[in-house]
Amino acid sequence: MAIQRPNIANNNSLASNGGGSNNTTDRARDLSPISPRSTNTNNSQFNPRLILSQIISLQSFHYLVLGITFQINHVLFATSITIDRIFTTKYLDVWSAYGWIDNAAVLMSSLIG
């Protein structure tokens, strides 16, 4: 099942006739998982596939940025590269220098992604 998009030509004709609303709010409503554009159309349905794809894409981007940051830390600070650094709290120690390197990587990836 594909994601349905409203007809752009209808939005432009409504905006030119003065019957439409702001285009930026229309586009923001189109991208929301529940988009109540009108009560007459069938576009106001809950879309769990859209929500799931957004969750997967954000998580993938976060772990991609975190992995790249750990690679940079390996080059700059000679830290080891293991899966434990990403998925456990074993290396997140605030009382050691290597712990602060990993803490900074996690915080930076949280801010970026």
Side-chain angles (χ1 to χ4, degrees):
M1 174 182 227
I3 298 174
Q4 298 177 356
R5 293 183 172 240
N7 190 357
I8 296 174
N10 289 339
N11 288 341
N12 290 339
S13 65
L14 285 175
S16 65
N17 293 336
S21 62
N22 191 359
N23 277 340
T24 58
T25 56
D26 287 343
R27 290 178 193 209
R29 261 189 255 135
D30 291 342
L31 296 176
S32 69
I34 303 172
S35 60
R37 287 185 56 80
S38 162
T39 56
N40 296 336
T41 62
N42 200 11
N43 290 336
S44 62
Q45 292 180 352
F46 176 71
N47 194 349
R49 286 186 180 182
L50 179 63
I51 294 173
L52 183 65
S53 64
Q54 288 173 347
I55 291 171
I56 290 171
S57 64
L58 284 175
Q59 286 289 317
S60 299
F61 183 68
H62 170 73
Y63 285 116
L64 177 71
V65 170
L66 187 60
I68 291 170
T69 308
F70 281 139
Q71 293 288 328
I72 293 170
N73 284 346
H74 173 67
V75 171
L76 295 178
F77 303 110
T79 58
S80 64
I81 301 173
T82 62
I83 297 294
D84 289 343
R85 287 199 184 272
I86 295 176
F87 294 113
T88 64
T89 60
K90 179 177 158 183
Y91 296 98
L92 298 177
D93 184 18
V94 294
W95 301 111
S96 70
Y98 287 114
W100 276 107
I101 292 169
D102 287 344
N103 288 333
V106 170
L107 289 174
M108 189 169 58
S109 70
S110 296
L111 291 175
I112 293 173

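This structure is a prediction, so every number in the text was calculated from the model and none was measured.
- Ser53 places none of its side-chain heavy atoms less than 4.5 Å from the side chain of Ile56.
- Note: Ser96 OG to Asp102 CG = 8.5 Å, rounded to the nearest 0.5 Å.
- To the nearest 0.5 angstrom, Thr69 atom OG1 is 11.0 Å from Leu76 atom CG.
- Grouping Ile, Leu, Val, Met, Phe, Trp and Tyr by side-chain contacts under 4.5 Å, direct or through others, puts Val94 with Trp95, Trp100.
- Side-chain contact between Thr79 and Tyr91 is absent, with no heavy-atom pair separated by less than 4.5 Å.
- Interatomic distance, CD1 of Ile68 versus CD of Gln71, reported as 8.5 Å (0.5 Å rounding).
- Met108 and Leu64 fall into different hydrophobic clusters, defined by Ile, Leu, Val, Met, Phe, Trp and Tyr side-chain heavy atoms under 4.5 Å apart, directly or through other members.
- Hydrophobic clustering, defined by side-chain heavy atoms of Ile, Leu, Val, Met, Phe, Trp and Tyr closer than 4.5 Å, groups Tyr63 together with Leu66, Phe70, Ile83, Ile86, Phe87, Leu92, Val106.
- When hydrophobic clusters are built by joining Ile, Leu, Val, Met, Phe, Trp and Tyr residues whose side-chain heavy atoms come closer than 4.5 Å, directly or via intermediates, Ile55 is grouped together with Phe46.
- The hydrophobic cluster containing Ile101 also contains Ile72, counting ILVMFWY residues as joined when their side-chain heavy atoms lie under 4.5 angstrom apart, directly or transitively.
- How far CG of Asn73 is from CD1 of Ile81: 9.5 Å, rounded to the nearest 0.5 Å.
- Side-chain atoms of His74 and Ser80, non-hydrogen and from C-beta on, never get closer than 4.5 Å to each other.
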